[in-house]
Protein chains: 2
Amino acid sequence: MDAQSATPLSTFDKLDPQKRGRVLEESLAEFAEHGYHQASVNRIVGRLGIAKGSLFQYFGSKEGLFRHLFSRALEEIKTPLKAIRDADTGEAFPLRLRRVFVEGAAFARSHPLIWRVYRRMVTQDGFPLREQLLSQVRGEALTYFRELVEGGQTRGEIRPEVDPLAAAFLIEAALDRALTAQDSPLLDAGFGLSSNDESTRRARLAALADMLSRGLMPPTGDTNAPRAHD
Amino acid sequence: MDAQSATPLSTFDKLDPQKRGRVLEESLAEFAEHGYHQASVNRIVGRLGIAKGSLFQYFGSKEGLFRHLFSRALEEIKTPLKAIRDADTGEAFPLRLRRVFVEGAAFARSHPLIWRVYRRMVTQDGFPLREQLLSQVRGEALTYFRELVEGGQTRGEIRPEVDPLAAAFLIEAALDRALTAQDSPLLDAGFGLSSNDESTRRARLAALADMLSRGLMPPTGDTNAPRAHD
DNA sequence: CCGGAAAATGACCAGGTGGTCATTGCCGCT
DNA sequence: AGCGGCAATGACCACCTGGTCATTTTCCGG
C-alpha cells in the first residue's frame with residue numbers, strides 16, 4: 001500500500017514536532033492552492049520563514065517533499081474512509097448511498113487541503129504519483145461502489161440488469177462532482193452544494209443520491225431498458 | 001456573446017490562410033497538452049518554425065493568443081452543439097437523453113483539442129476567460145438539461161417531485177465524466193468508455209443514460225423518497 | 001530598378017524556477 | 001573550555017519563462 005516514499009528524512013524527523021507540523025501544513029497548502037508545477041518552493045520557505053536549503057535538506061527535492069506529503073495524507077485518510085465504508089452495512093441501499101454522500105461530503109470538508117490536492121491530482125497531469133493515486137485510491141472507491149451495488153442486487157434492492165461497473169462509475173462521478181462543487185461556487189452554479197448552510201447541503205446531497213436510486217422516470221413494470229425506434 | 005477578444009490582429013489576418021491555420025492549430029494543441037501556465041510560447045514557435053517576435057506581433061501576448069483561440073473555438077462549436085440540442089425535440093425523454101450522451105461523446109471526439117482545453121479550463125485555474133466559460137458555456141448546458149427535465153415533467157415522463165436543477169446537475173456531471181473518461185484510460189478505469197470500439201462506447205453511454213432515467217432500484221409504486229430511520 | 005513600408009527575426013532582458021554548497025552558528029559531549 | 005559534528009543559511013547556478021525591439025528581409029507600387 002504505502003509502496004515507496006522511503007526517503008530517509010533523518011533530519012526532518014528530529015525536528016521540533018510543532019515546526020514539523022507547520023512545514024507539512026504550509027507545504028500542503030501550497031500544493032492545494034497551486035497544483036504541482038505551479039507550486040513554488042520559494043514561496044513555501046517564504047511563508048515558513050526558513051531557508052530554502054533547509055527544505056531541500058529535509059526532503060531532497062520538490063518531488064520528495066510532495067511524496068512525503070502524499071504518503072502522510074494517505075495514512076491520515078485511511079481510517080476515516082474505512083469508517084464510512086464499514087458503517088451500517090445492514091442498511092438498505094438507497095439509505096446507505098445517501099449516507100455515503102453525506103459523510104463523504106463531510107469528510108472532504110474536514111480535510112480541505114487533502115481533498116483539493118486529490119482533485120488536482122486527478123484532473124491535472126504532471127503530478128508525481130498520479131497513476132498510483134488513480135489506480136489505488138480512486139480504484140478502491142470504484143471497487144467499493146461496485147460491491148455495494150452487487151450486494152444490493154443479491155438483496156433485490158437493485159435491478160438485476162444493472163451493470164455494477166457502470167453503476168459504480170456513475171455513482172463515483174456524481175459524488176466526485178458533488179464534493180468538488182462543495183468548495184467552488186462557480187462549479188456549483190447555484191445548485192446549493194457550496195452553500196454555508198449545512199442542512200441545505202445535506203438536502204442537495206440526498207437529492208442526488210435519491211435520483212441515482214430511483215431514477216428520473218416514474219416507476220413502470222417494464223424491466224427492459226427504453227427502446228429506441230431506429 | 002463574443003464579448004471582447006477585440007485585438008486588431010491586422011497582421012495575422014493578412015497571413016497566408018494555410019500558415020494561419022497551422023499557427024492556430026499548433027497553439028491550440030499546446031494549450032490542450034499543457035494547460036495555460038505550463039504552455040510555452042517558446043515551444044509553440046519552435047513547433048511552428050517561426051520567430052517568437054512574430055507570434056507576439058500577431059497576438060500581443062500569450063493571453064491575447066489564448067483569447068483569440070477561445071473565441072475561434074466558441075464560433076466553431078456553436079453550430080454543432082445547437083444541432084444536438086435542437087434535434088428530435090419530440091422524442092421521449094429517456095431516448096433523448098441517450099441521444100444527447102451519444103452525440104455529445106461523438107462531438108467531443110470530433111473536436112479533441114477544443115474538448116481538452118475546455119476540460120482544463122473547467123478544472124484548473126489560471127486560465128483567462130475561465131469565469132466566462134463556466135458561466136456561459138457550462139451554464140448553458142445546465143440550463144438546457146434543466147429545461148429538458150422540465151419538459152419531461154409536463155409530459156409526465158419524469159417524476160414531478162424531481163428537482164429539475166438537481167437533475168440537470170446530475171446529468172451534466174455524468175456526461176462530463178463520461179466524455180472525460182473517453183480520452184483517458186486511467187480515468188475510464190476499465191469501464192469501456194475509452195475503448196476503440198465505437199459500439200462498446202455507445203453501449204456504455206446508453207447504459208449511463210438509462211441508469212439516470214430508470215434509477216438503480218426496482219420500480220415501486222411509492223412516490224416518496226426513501227425514508228431514513230433516524 | 002529603386003524606395004519605402006510592413007513583416008520577420010532572434011539576441012536580449014528581467015524575473016522566476018528548482019537545486020547546490022561553502023560558510024556559519026549552534027549544541028552536546030568530554 | 002574546547003572540540004566535533006550536524007543543522008541552518010542564503011548567495012549563487014543553470015535554465016526557462018513571457019516579452020521587447022533594433023535590425024534585416026520581404027514585398028509591392030512607381
Side-chain angles (χ1 to χ4, degrees), chain A residues 7-24 26-31 33-70 120 124-130, chain B residues 7-24 26-31 33-70 120 124-130:
Chain A
T7 349
L9 294 189
S10 55
T11 324
F12 183 64
D13 285 336
K14 286 183 214 145
L15 244 54
D16 169 56
Q18 194 168 342
K19 180 179 177 182
R20 213 167 49 203
R22 243 178 63 78
V23 170
L24 295 174
E26 296 289 349
S27 304
L28 191 61
E30 174 74 13
F31 285 113
E33 195 167 348
H34 298 285
Y36 185 74
H37 281 299
Q38 212 59 20
S40 159
V41 176
N42 290 334
R43 223 159 22 209
I44 293 176
V45 298
R47 294 191 199 191
L48 287 170
I50 68 175
K52 192 187 334 196
S54 298
L55 208 69
F56 279 91
Q57 195 150 48
Y58 301 156
F59 304 103
S61 67
K62 184 183 184 178
E63 181 172 335
L65 166 60
F66 183 78
R67 295 179 101 95
H68 186 76
L69 292 170
F70 182 83
R120 290 202 119 98
Q124 305 174 5
D125 29 34
F127 270 95
L129 303 167
R130 180 168 180 256
Chain B
T7 350
L9 294 188
S10 55
T11 322
F12 183 65
D13 286 336
K14 287 183 214 145
L15 244 54
D16 169 55
Q18 193 168 341
K19 179 179 178 182
R20 215 167 48 204
R22 243 177 63 78
V23 169
L24 296 174
E26 297 288 348
S27 304
L28 191 62
E30 175 75 11
F31 284 112
E33 194 167 348
H34 298 284
Y36 185 73
H37 281 298
Q38 213 58 21
S40 159
V41 175
N42 290 333
R43 223 159 20 210
I44 294 176
V45 299
R47 296 190 197 191
L48 287 169
I50 68 174
K52 185 168 9 178
S54 298
L55 207 67
F56 279 90
Q57 194 148 51
Y58 300 157
F59 304 103
S61 66
K62 184 184 183 178
E63 181 172 334
L65 165 60
F66 183 78
R67 295 179 103 94
H68 186 76
L69 291 171
F70 182 83
R120 291 203 116 98
Q124 305 174 6
D125 29 34
F127 270 95
L129 303 168
R130 179 167 180 256

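Within every chain, numbering begins at 1; the chains are lettered A, B, ... in the order of the sequence lines, protein sequences first and strands thereafter.
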Over how many whole Å does the gap from [X] atom [atom1] to [N] atom [atom2] extend?
X	N	atom1	atom2	value
B:Asp13	C:dA7	CG	P	11 Å
B:Phe56	C:dA7	CZ	P	18 Å
A:Leu65	C:dG18	CG	P	11 Å
A:Asp16	C:dC26	CG	P	17 Å
B:Leu48	C:dA8	CG	P	13 Å
B:Arg20	C:dA8	CZ	P	12 Å

>> Can a donor-acceptor pair be found, under 3.5 Å and without considering hydrogens, that links the side chain of A:Ser54 to the backbone of A:Ile50?
In response: no
> Minimum heavy-atom separation for A:Ala39 to A:Glu30, with atom names?
Replying inline: CA-OE2, 3.5 Å
>> To check you understand the geometry: which heavy-atom pair defines the closest contact between A:Gly126 and A:Tyr36, and what is its length?
In response: O-CD2, 3.5 Å
Can you tell me if [X] touches the phosphate of [N], counting only side-chain N or O atoms and a distance under 4.0 Å to OP1 or OP2?
X	N	result
B:Tyr58	C:dA7	no
B:Ser54	C:dT9	yes
B:Lys14	C:dA7	yes

Quick one: pull up [atom1] in [X] and [atom2] in [Y] and give me the separation to the nearest 0.5 Å.
X	Y	atom1	atom2	answer
B:His34	B:Ile44	NE2	CD1	9.0 Å
B:Glu26	B:Glu33	CD	CD	10.0 Å
A:Arg20	A:Lys14	CZ	NZ	12.0 Å
B:His68	B:Leu24	NE2	CG	5.0 Å

>> Once you apply a heavy-atom cut-off of 4.0 Å, does A:Lys52 come out as touching a base, just sugar-phosphate, or nothing?
In response: base
>> Taking the six-membered ring of A:Phe31 as reference, does the cationic atom of A:Lys62 (NZ for Lys, CZ for Arg) lie under 6.0 Å from its centre and within 45° of its axis?
In response: no
>> For chain B and DNA chain D, what are the first and last nucleotides along the strand, 5' to 3', with at least one atom under 4.0 angstrom from a heavy atom of the protein chain?
In response: D:dT17 to D:dC21
>> Taking A:Asp16 first and then A:Arg22, would you say they form a salt bridge - that is, a charged N and a carboxylate O separated by under 4.0 Å?
In response: no
> Under a 4.0 Å heavy-atom cut-off, which of residues 35-45 of chain A touch DNA chain D?
Replying inline: none
